[in-house]
Amino acid sequence: MPTKFVLIGSGLAGGLLAAYLGRRGYDVDLYERRVDPREGNIVGGRSINLAVSTRGIHALEQLGIAVDLTEAVAYLEAPSVEAAVSAANPQPQIIKARGDAIIGVDGAFSAVRQSMQKKIEKFDYDESYLAHGYKELTIPPGPDGSWQMEKEALHIWPRKSFMMIALPNPDGSFTCTLFWEFEGPRSFKTTKTDEDVRRFFDEEFPDAVPLMPMLLDDFRQNPTGSLVTIRCAPWYYHDKVALVGDAAHAVVPFYGQGMNAAFEDCVVLDDCLEKFPDNRERAFVEYFSRRKENADALADLAVENFIEMRDKTASRVFRAKKKLDHLLEGLLPGIYLPLYTMVTFTRIPYAAAARRARRQDRIVYVSLIAIMSILAISILLFR
Ligand SMILES: Cc1cc2nc3c(=O)[nH]c(=O)nc-3n(C[C@H](O)[C@H](O)[C@H](O)COP(=O)(O)OP(=O)(O)OC[C@H]3O[C@@H](n4cnc5c(N)ncnc54)[C@H](O)[C@@H]3O)c2cc1C
């Protein structure tokens with residue numbers, strides 16, 4: 001009998017992992033508590049548009065499903081026996097499933113992880129929330145169906161302690177996300193009436209307001225989401241349980257990498273299962289040791305990028321540094337790689353990318369200081 005994996009959660013990583021495991025010949029049962037979005041039941045204001053980058057595309061390409069994710073369905077099978085799990089669905093109803101191993105792909109508030117916390121005595125767990133929440137808003141297409149702003153761009157309205165961003169959609173609209181403090185004199189909490197909302201937007205985003213005819217409805221109706229970073233260890237329990245994706249390492253969304261990292265987990269776990277086909281615990285151990293440092297590095301990078309986006313993108317020094325980054329990248333191709341390039345457009349492990357960026361920055365700053373000192377000395381000597 002082939003090994004049976006029970007996957008709890010069919011979000012972004014669950015479907016992909018099912019496809020990887022199915023391809024390797026394992027039996028897979030996939031449990032999801034929400035209704036199938038293909039049946040048209042998308043929760044309003046939670047339809048976030050996701051940037052898939054090199055790591056995510058690689059994971060999809062390995063399966064030849066870069067275009068069609070529903071392919072995972074082809075690998076799913078009926079339940080069989082061994083380790084057991086209960087997953088609540090919204091009715092609420094307890095479903096009992098059995099398999100040789102359970103994979104928690106059930107997101108940031110993972111029930112599988114909570115079970116591991118109870119079971120493993122020295123389970124490390126840390127969750128930290130930003131003081132900011134987020135709310136989705138919409139810029140609809142123009143009258144002719146075209147984009148009302150540059151479509152080949154991520155638009156950012158940096159406002160020091162908060163910001164709004166807008167990402168283009170294929171239908172000509174933009175999804176805007178306001179990242180703003182939950183509490184404080186000006187915050188989600190104090191902005192209650194339509195008048196408050198209108199005043200805040202007129203003051204802070206006057207250029208965007210004319211493009212947002214549904215602003216007040218969106219603001220009222222769309223939920224305010226929270227932003228959490230979750231770190232835990234270990235991500236496995238013997239050969240019986242493992243965690244993948246946000247269940248193991250939720251990060252704030254400012255590098256656009258949470259899903260990409262979750263997809264990368266699937267590639268690495270698949271690789272480890274191939275390496276240790278007869279020893280699932282060793283496969284889980286190796287998967288954890290290869291991913292943990294990188295997930296931690298990404299968590300730090302994502303928070304740092306929030307500060308960068310909301311606070312520094314308006315600064316001249318910051319923009320000069322970005323231009324220098326691009327210049328050096330052009331002059332030294334393959335040698336100098338800006339951090340953003342490494343994270344988004346390569347598969348260099350996150351931790352290695354962060355270390356390399358710090359090294360590069362040190363070299364650039366030391367070189368700049370040396371050049372400026374030489375210039376200053378030359379001016380003094382030849383005056
Ligand atoms: C505002 C925002 C913007 C983002 N933008 C990006 C981006 O541009 N690029 C990017 O790479 N990432 C982005 N992310 C991160 C990305 O959404 C997550 O990293 C990704 O969804 C993680 O996938 P997952 O499968 O691990 O978890 P999820 O996608 O959360 O899926 C978990 C699934 O498990 C199900 N589930 C939970 N509990 C149970 C249970 N007990 N029984 C059965 N099913 C259960 C849930 O219903 C859900 O479907 C963003 C996140 C946010 C909040």
Side-chain angles (χ1 to χ4, degrees), residues 12-13 48 50-56 59 107-110 113 123-134 154 156 158 160-163 165 177 179-182 225-235 243-265 267-268 287-313 315 317-318 321-322 325 336-365:
L12 293 167
I48 53 174
L50 295 155
V52 58
S53 56
T54 298
R55 296 163 204 271
F109 303 100
S110 166
R113 187 185 62 229
F123 189 84
D124 282 340
Y125 180 72
D126 180 66
E127 70 177 23
S128 67
Y129 284 87
L130 291 188
H132 296 67
Y134 71 91
L154 160 63
I156 309 177
K160 293 268 179 207
S161 74
F162 63 93
M163 69 173 177
I165 65 168
T177 312
F179 296 97
W180 198 19
E181 285 96 335
F182 275 114
S226 56
L227 298 162
V228 67
T229 302
I230 287 173
R231 300 171 201 252
C232 68
W235 297 356
L243 299 173
V244 166
D246 276 16
H249 51 75
V251 298
V252 292
F254 303 103
Y255 239 112
Q257 283 295 310
M259 170 190 64
N260 287 283
F263 283 8
E264 211 170 41
D265 285 351
V267 175
V268 174
Y287 155 71
F288 172 62
S289 67
R290 279 173 59 182
R291 294 302 288 157
K292 174 65 177 157
E293 173 193 41
N294 293 307
D296 285 346
L298 175 61
D300 293 337
L301 290 174
V303 173
E304 284 160 22
N305 214 38
F306 177 41
I307 297 163
E308 194 163 280
M309 286 168 83
R310 69 165 204 223
D311 202 353
K312 298 189 183 161
T313 40
S315 135
V317 177
F318 175 81
K321 165 74 170 60
K322 283 280 165 203
D325 270 349
Y336 185 92
L337 287 172
L339 179 59
Y340 187 82
T341 303
M342 286 191 274
V343 169
T344 309
F345 302 117
T346 78
R347 293 196 297 119
I348 297 172
Y350 294 116
R355 281 194 295 270
R356 181 166 165 179
R358 281 195 293 273
R359 227 174 21 246
Q360 288 178 167
D361 279 352
R362 273 198 302 275
I363 294 170
V364 168
Y365 289 132

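Predicted, not measured: the structure shown is a model, and the values here were computed from it.
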Donor-acceptor check, side chain of [X] to backbone of [Y], threshold 3.5 angstrom: yes or no?
X      : Y      : result
Arg310 : Lys160 : yes
Arg55  : Ile348 : yes
Asp265 : Val244 : no
Arg231 : Ser128 : no
Lys292 : Cys232 : yes

Pair Leu154-Met309, side chain to side chain contact (heavy atoms under 4.5 Å, CB included): steps then yes or no: CA-CA 11 Å; Leu154 160 63; Met309 286 168 83; 4.1 Å; yes
- request: Evaluate the criterion side chain to side chain contact (heavy atoms under 4.5 Å, CB included) for residue pair Tyr350 and Val343; output intermediate values, then yes/no.
  value: CA-CA 6 Å; Tyr350 294 116; Val343 169; 4.0 Å; yes
Quick one: closest heavy-atom pair of [X] and [Y], and the distance?
X      : Y      : result
Ala295 : Val251 : O-CG1, 4.5 Å
Val267 : Ala59  : CG2-CB, 3.5 Å
Ala353 : Met342 : O-CE, 3.4 Å
Ala351 : Ala297 : CA-CB, 3.5 Å

message: Nearest 0.5 Å, please: how far is NE2 in His249 from CG in Leu243?
response: 9.5 Å
CD1-OG distance between Ile307 and Ser161, expressed to the nearest 0.5 angstrom: 12.0 Å
task: Kindly determine whether Ile230 and Tyr125 satisfy side chain to side chain contact (heavy atoms under 4.5 Å, CB included), including the steps that lead there.
output: CA-CA 8 Å; Ile230 287 173; Tyr125 180 72; 3.7 Å; yes
Is any side-chain heavy atom of [Y] closer than 4.5 Å to one of [X]?
X      : Y      : answer
Leu339 : Leu301 : yes
Leu227 : Phe306 : no
Phe263 : Leu12  : yes
Met163 : Ile156 : yes
Asn260 : Tyr255 : no
Glu181 : Phe162 : yes

task: Determine the interplanar angle of the Phe288 and Trp235 rings, folded into 0 to 90°, and report it as parallel if under 30°, tilted if 30 to 60°, perpendicular if over 60°.
output: perpendicular
message: Over 60° means perpendicular and under 30° means parallel, so tell me whether Tyr134 and Phe179 are parallel, tilted or perpendicular.
response: tilted
- request: Please determine if Arg113 and Glu127 form a salt bridge, counting it only when a charged side-chain N lies under 4.0 Å from a carboxylate O.
  value: no
query: If you measure from the Lys or Arg side-chain nitrogens to the Asp or Glu carboxylate oxygens, is any gap between Lys321 and Glu308 under 4.0 Å?
result: no
- request: Would you check, one step at a time, whether the test side chain to side chain contact (heavy atoms under 4.5 Å, CB included) holds for Val364 with Tyr336?
  value: CA-CA 10 Å; Val364 168; Tyr336 185 92; 3.7 Å; yes
task: Pick out which of Arg291, Arg347, Arg290 makes a side-chain hydrogen bond (donor to acceptor under 3.5 Å, both in side chains) with Glu264.
output: Arg291
